[in-house]
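Structure first, commentary second.
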Amino acid sequence: MSQPVKDSVIVLKDITKNYKMADQLFCALDGINLTIKRNEYVAITGPSGSGKSTLMNVLGCLDNPSSGQYLLGQKDVASQSEAELAKIRNYGVGFIFQSFNLLPRSSVLNNVMHPLIYRIMTNKKREALARNALKRVGLSDKIESLPNQLSGGQRQRVAIARALVTNPAIILGDEPTGNLDSKTTADIMALFDELHEQGHTIILVTHEAEIAHHCHRVIRLVDGEVESDITNAIEEPKEFVHG
Amino acid sequence: MGNVLHGFFQSTKAAMLAITAHGMRSALTTLGIIIGVAAVITVVAIMESLSTTITDQLDDLGSDMVTLQAHTNPEQEMLGQSNKLSYDDFLLLKAKTNNVSDMTATMRAFSLGTSVQYGRSNTQTQIIGTDSSYQRVINTYPELGRFLSESDDLRRRRVAFIGSSVAEKLNMPSDPTGEFINLSGDWFRVIGLAEKRGKLFGFDQDNYIIAPFSTIRSLNGSQVTDNIDIMFRPSKGASLDKIKAQMSQILRQKHKLSGDDVDHFKFVTAEKTKKQFAEITTAVTLVAGGVVSISLLVGGIGIMNIMLVSVTERTKEIGIAKALGATPQFILFQFLVEALILSLLGGIIGLAIGYGLAAMVAMFMPGDGGIMVPMWAIILSLGFTTAIGVVFGLAPAIKASKLNPVDALRYE
């Protein structure tokens with residue numbers, strides 16, 4: 001890969017991540033080398049336990065790699081302070097968790113406004129942005145509900161709205177359609193397509209072949225290593241049709 | 001700057017939300033602080049108003065009154081010496097001392113003992129022999145009848161001016177003047193009843209009988225050498241030190257004391273007594289305050305406990321906040337503010353309850369029943385609770401702020 005460096009949003013050099021479990025060293029990531037350019041549409045696939053989620057956590061600055069270098073927008077993540085990392089998480093990336101991670105006692109609206117609390121702006125502005133994000137995921141009528149009053153798909157969409165509300169350059173989705181029916185999956189994928197068109201870099205972890213093929217580039221992990229890295233021939237995303 | 005302010009505002013808001021979301025737990029947490037502060041404030045307020053009452057009563061006695069007493073130091077005592085002030089000393093001083101407005105001599109009636117009888121009743125009291133100027137020195141005024149007159153003293157009349165407790169204990173009629181009381185076989189006519197003074201440190205200040213100095217002196221007889229107390233009041237604006245110096249000189253000369261000899265007498269001022277009382281009440285306040293402060297400490301530990309539980313319980317929440325961009329400082333501040341609000345809230349509620357309790361107790365206390373919570377006690381208890389909030393909130397807050405987002409998120 002020989003694209004100019006300035007186009008590379010994410011550069012991973014020999015990233016490893018080890019866990020210590022019951023005195024045994026478990027290697028989740030074993031020397032990952034990866035470059036992701038601006039506005040790429042990437043799917044990360046692989047069998048369970050292959051290190052997909054670990055890689056996502058590293059990409060989202062939620063976890064530190066055991067070794068190797070991670071350059072995010074040309075900045076070495078390892079050299080950032082905790083406060084700077086917090087800023088990256090707030091401004092740089094929007095993370096959609098597999099298990100949603102919504103605050104159970106806060107309303108949908110407050111959940112979506114949550115990341116904006118760490119930014120200086122009026123509460124009115126926060127609410128307007130949150131309402132807009134909820135509108136984009138089609139949940140305008142549920143803003144006062146609590147997460148446990150929503151269906152799995154609705155919760156997923158709240159989590160997506162929360163990732164969108166900060167308008168991040170990179171959107172990271174850990175199985176963002178894992179809990180959705182085919183209709184909603186199609187809606188959500190259409191939303192990702194739209195975000196991609198607007199210039200966001202999108203990286204999705206998925207085990208669904210349909211989703212993976214929908215993306216432009218598919219990286220397959222096996223045992224913490226990149227097994228294959230295929231850029232799909234089709235540049236324009238085709239209409240997503242499930243089943 | 002805007003950033004700091006923003007963080008302050010938002011983390012305070014988050015803290016408030018957390019407190020109200022767990023209403024019951026917050027209330028129970030503050031309970032320890034409430035009880036602690038209430039106890040401290042109650043004790044301090046009661047001690048303070050007690051000491052004010054005492055000071056007022058001492059002022060009634062006349063804070064500028066000075067008593068001159070014979071004094072035997074321990075060394076002399078071991079040698080069997082016993083120093084005395086005589087009536088002659090008193091007369092000499094009265095004649096020679098300048099700048100003294102009133103001077104009176106008092107004498108204990110040894111021969112009469114302490115027993116007094118009226119009808120079938122009898123009681124124990126102190127019998128003092130003195131002259132008419134005693135009234136002005138001590139500020140004792142008759143409720144009924146009159147005080148001793150000069151002629152009572154000149155004619156050695158067997159008359160008595162009695163304190164209200166004596167009349168009460170002897171079941172005397174409401175106007176005891178004109179009645180006769182028996183002091184170890186000698187009959188005295190009651191000429192006046194003193195105004196009630198009340199109790200001081202639980203000591204009855206109305207249990208006394210005053211009789212003319214000359215009468216007591218003659219009844220004491222020659223078997224006992226005079227030993228008198230001399231009480232006086234400096235004139236307005238006069239220097240007490242100068243008066244003391246002058247009196248000392250006169251007495252030393254009369255008692256033939258040479259340069260190295262120690263004084264045979266000492267001056268006791270009400271000011272000094274007041275100071276001693278103040279020292280005692282301060283000591284008692286400190287000790288009592290210290291004891292109840294322990295309950296404050298226990299309350300603080302309660303807050304720390306809850307904060308630690310709260311951090312653990314909300315680990316996932318902290319993880320989410322961090323994943324969404326909360327800085328460690330934000331988390332630290334949120335938990336610190338939460339602990340601070342809890343402890344301050346407890347402090348303020350405790351203050352109110354303590355004040356109420358003290359006011360209730362004050363109703364059953366002697367004096368005018370006014371309750372005073374000194375400013376230092378308020379500042380101290382609120383300062384202490386704030387400190388508790390910071391100190392005990394800090395450990396859990398730091399723990400929360402240092403959590404790794406992924407580890408915190410994984411927590412269920």
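Labels below follow one simple rule: chain letters A, B, ... track the order of the sequence lines, proteins then strands, and each chain is numbered from 1. In this text, all values refer to a predicted model and were calculated from it rather than measured experimentally.
With A:E175 as the partner, the side-chain hydrogen bond (donor to acceptor under 3.5 Å, both in side chains) test is satisfied by one option alone out of A:Q98, A:H207, A:Q156: A:H207.
Residue pairs meeting the ring pair (Phe, Tyr, Trp, His ring centres under 6.0 Å) criterion with at least one member in residues 104-127 of chain A, sequence neighbours excluded, are A:H114-A:Y118, A:Y118-B:F330.
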Just do the side chain to side chain donor-acceptor pair (under 3.5 Å) check on B:E279 and B:T282 with the steps written out, would you? CA-CA 5 Å; B:E279 271 165 22; B:T282 307; over 6 Å; no
Go through the steps to decide whether A:I44 and A:L221 satisfy the test side chain to side chain contact (heavy atoms under 4.5 Å, CB included), and finish with yes or no. CA-CA 7 Å; A:I44 297 171; A:L221 293 187; 4.1 Å; yes
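Looking only at heavy-atom pairs under 4.5 Å with chain A, the residue among B:V406, B:N404, B:T327, B:L409 that has the most is B:V406. Considering only heavy-atom pairs separated by less than 4.5 Å from chain A, the leading option among B:S11, B:G325, B:A321, B:P328 is B:G325.
In this structure, B:E317 does not pair ionically with B:K322, as no charged nitrogen and carboxylate oxygen lie closer than 4.0 Å.
No part of A:Y91 comes within reach of chain B, as not one of its non-hydrogen atoms sits under 4.5 angstrom from that chain. With a threshold of 4.5 angstrom between heavy atoms, A:N111 does not approach chain B through any atom at all. Proximity to chain B is limited to the backbone of A:R119, based on heavy atoms less than 4.5 angstrom apart. For A:L102, the part lying under 4.5 angstrom from a heavy atom of chain B is the backbone only.
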